[in-house]
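Side chains are part of it too, since the values below use all heavy atoms of this structure and drop only hydrogens, waters and symmetry mates.
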Amino acid sequence: TGGAVAGNDYTQVSPTNVTLTLTNDATLTWAWETQYALTTGTNGSGSVTAADGWYAAGSNVSLTATPAANWHFTGWSGDTNDCPVNGTVITAAMTQARSIVGNFAIDQHTLTVTSLYGSPAWAGVTTNAWNTSITATVDSVVGNGTTQYVCTGWTGSGNVTNGSGANVTFNLTTNTALTWLWKTQYVAVATAGAHGSVTPTNATWVDRGSNSPAYTATPSNGWVVVQWLVNGAVVQVGGTNLTVTNVTAPALVFVSFNAPPALQALTNRSALIGQAVSFDVTATDPDGTTPTLSAPVKPAAAGFVDNGNG
């Protein structure tokens, strides 16, 4: 740090340079200061404020860590023994040579994905680095026999706005939630019994709460519609048209047909006044069923008996 001359005049040119004209016995004494080297570094994106260099022994050097945008400070490492730390600031006690590193990590954000059906990518809760590119997908249709679930889109928060479809791409820069939306569909299909037909015959997917296609039955010549059944239960007697309304389950439609019984023609009969007249009435049903006969309108003195055999 300099020199001192005892016994002679001198000039201190610099800490390491003394000039004098020697006129007496003299003693030159050089003075020394101990210094320690301080080196700093970073791990990750950020900076440390303190110049690398030599510092006097016993001095204190303040180092401040500053993370880059979307990074955060995680701590100090290196020769940090006996160095007090206060948040992002460390005070380096220069009692030795020190190499001190400020450590930084990229920010992390959560992605929460919820879906009632399907196998979504990025399911559940995941933690990801800032600005991670996310492509979230889910099955467009999930089938289950006569019931299926169709993805109609999603609702979101954070980096995701509401949308339609079964995939969405975004960069994760904040905590984000995504919920896949679904609609339920049921199959509706119609079949016909013997002696007639029904249209349409193809299976159709119907949104829950909507109506089935309009079905039309066409009986064979001489036959009529008896009844319509949905899932085995009678919903309509007669009529050639049916629409199942407010579908809340698979709709299996069936229409049946029948032909009316045919009465055998009666021959003319004659009798005297007061004489009893009797005759048999017979009928046949095209499907082989034994008809039930009755005569709701008849003369007051007349009787009618159904023998139960047609």
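- For the pair Asp9/Thr21, no side-chain contact is recorded, criterion being any heavy-atom separation below 4.5 Å from C-beta on.
- For the pair Phe257 and Val198, the minimum side-chain heavy-atom distance is 4.5 Å or more.
- With hydrogens and angles disregarded, no donor-acceptor distance shorter than 3.5 Å links the side chain of Thr147 to the backbone of Asn144.
- For the residue pair Trp182 and Ser115, a side-chain donor N or O sits within less than 3.5 Å of a side-chain acceptor on the partner.
- One finds the CG atom of Asn162 at 9.0 Å from the CH2 atom of Trp154 (value rounded to the nearest 0.5 Å).
- A donor atom on one side chain and an acceptor atom on the other are found under 3.5 Å apart for Asn8 and Thr23.
- Side-chain contact between Val61 and Met94 is present, with at least one heavy-atom pair separated by less than 4.5 Å.
- Asn17 places no side-chain N or O within 3.5 Å of a backbone atom of Gln12 that could act as its donor or acceptor partner.
- Under 3.5 Å, the side chains of Thr39 and Ser99 contain a donor-acceptor pair of N or O atoms.
- When the options Thr27, Leu22, Val18, Thr19 are evaluated for a side-chain contact (heavy atoms from CB on, under 4.5 Å) with Val5, the one that passes is Val18.
- For the residue pair Thr110/Thr127, the side-chain donor-acceptor check at 3.5 Å is not satisfied.
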Should Thr64 and Thr88 be marked as a side chain to side chain donor-acceptor pair (under 3.5 Å) after you check the CA-CA gap, both sets of side-chain angles, and the distance that decides it?
CA-CA 6 Å; Thr64 301; Thr88 59; 5.8 Å; no
Using the side-chain contact (heavy atoms from CB on, under 4.5 Å) rule, take Ile100 and Leu63 through it: C-alpha gap first, then chi angles, then the decisive distance, then the call.
CA-CA 9 Å; Ile100 297 178; Leu63 287 71; 4.2 Å; yes
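- Ring geometry, Tyr149 versus Tyr117: the interplanar angle falls under 30°, so the pair is classed parallel (tilted spans 30 to 60°).
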Step-by-step side chain to side chain donor-acceptor pair (under 3.5 Å) determination, Trp130 to Asn70
CA-CA 7 Å; Trp130 174 86; Asn70 303 301; 3.2 Å; yes
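- Here the rule is side-chain contact (heavy atoms from CB on, under 4.5 Å) with Gln227, and of Asn258, Val255, Val235, Val234 only Val234 fits it.
- Inter-residue side-chain proximity for Thr245 and Val247 is flagged as unmet; no heavy-atom pair is nearer than 4.5 Å.
- Of the candidates Thr74, Thr42, Asn43, Asn103 forms a side chain to side chain donor-acceptor pair (under 3.5 Å) with just one, namely Asn43.
- By the 4.5 Å heavy-atom criterion applied to side chains, Thr66 and Phe73 are not counted as neighbours.
- Thr176 places a side-chain N or O within donor-acceptor distance of the main-chain N or O of Asn159, the cut-off being under 3.5 Å.
- When side chains are defined from C-beta on, Val138 counts as touching Cys151, because their heavy atoms get closer than 4.5 Å.
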Using the rule given for side chain to side chain donor-acceptor pair (under 3.5 Å), can you reason through Gln96 versus Asn81, listing the C-alpha separation, both sets of side-chain angles and the distance that settles it, and then say yes or no?
CA-CA 10 Å; Gln96 65 178 71; Asn81 54 296; 3.2 Å; yes
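- Between atom OH of residue Tyr36 and atom OG1 of residue Thr34 there is a gap of 6.0 Å, rounded to the nearest 0.5 Å.
- Counting heavy-atom neighbours within 6.0 Å of Asn241 CG, excluding the residue itself, gives a total above 12.
- Note that CD of Glu33 is 8.0 Å distant from OG of Ser59, once rounded to the nearest 0.5 Å.
- At least one side-chain heavy atom of Pro213 sits less than 4.5 Å from a side-chain heavy atom of Tyr215.
- Atoms CG and CH2, from Leu116 and Trp180 in turn, are 13.0 Å apart once rounded to the nearest 0.5 Å.
- Within 6.0 Å of CG in Asn24 there are more than 12 heavy atoms belonging to other residues, nucleotides or ligands.
- Put simply, the side chain of Asn175 never gets that close to the backbone of His109: no donor and acceptor are under 3.5 Å apart.
- Judged by distance alone, the side chains of Tyr186 and Arg208 do bring a donor and an acceptor atom under 3.5 Å apart.
- In this structure, the side chain of Arg98 engages the main chain of Asp79 through a donor-acceptor pair within 3.5 Å.
- The 12-atom threshold is not exceeded at CG of Asn86, counting heavy atoms of other residues, nucleotides or ligands nearer than 6.0 Å.
- Between Ser119 and Asp139, some side-chain heavy-atom pair lies under the 4.5 Å cut-off.
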If you apply the rule side chain to side chain donor-acceptor pair (under 3.5 Å), what do you find for Asn171 with Thr173, and how did you get there?
CA-CA 6 Å; Asn171 282 20; Thr173 60; over 6 Å; no
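- A donor-acceptor contact shorter than 3.5 Å is absent between the side chain of Ser220 and the backbone of Trp223.
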Evaluate the side-chain contact (heavy atoms from CB on, under 4.5 Å) criterion for residues Leu252 and Val189: first the C-alpha distance (whole Å), next the side-chain angles of each, then the deciding distance (0.1 Å), finally the verdict.
CA-CA 5 Å; Leu252 307 181; Val189 62; 3.7 Å; yes
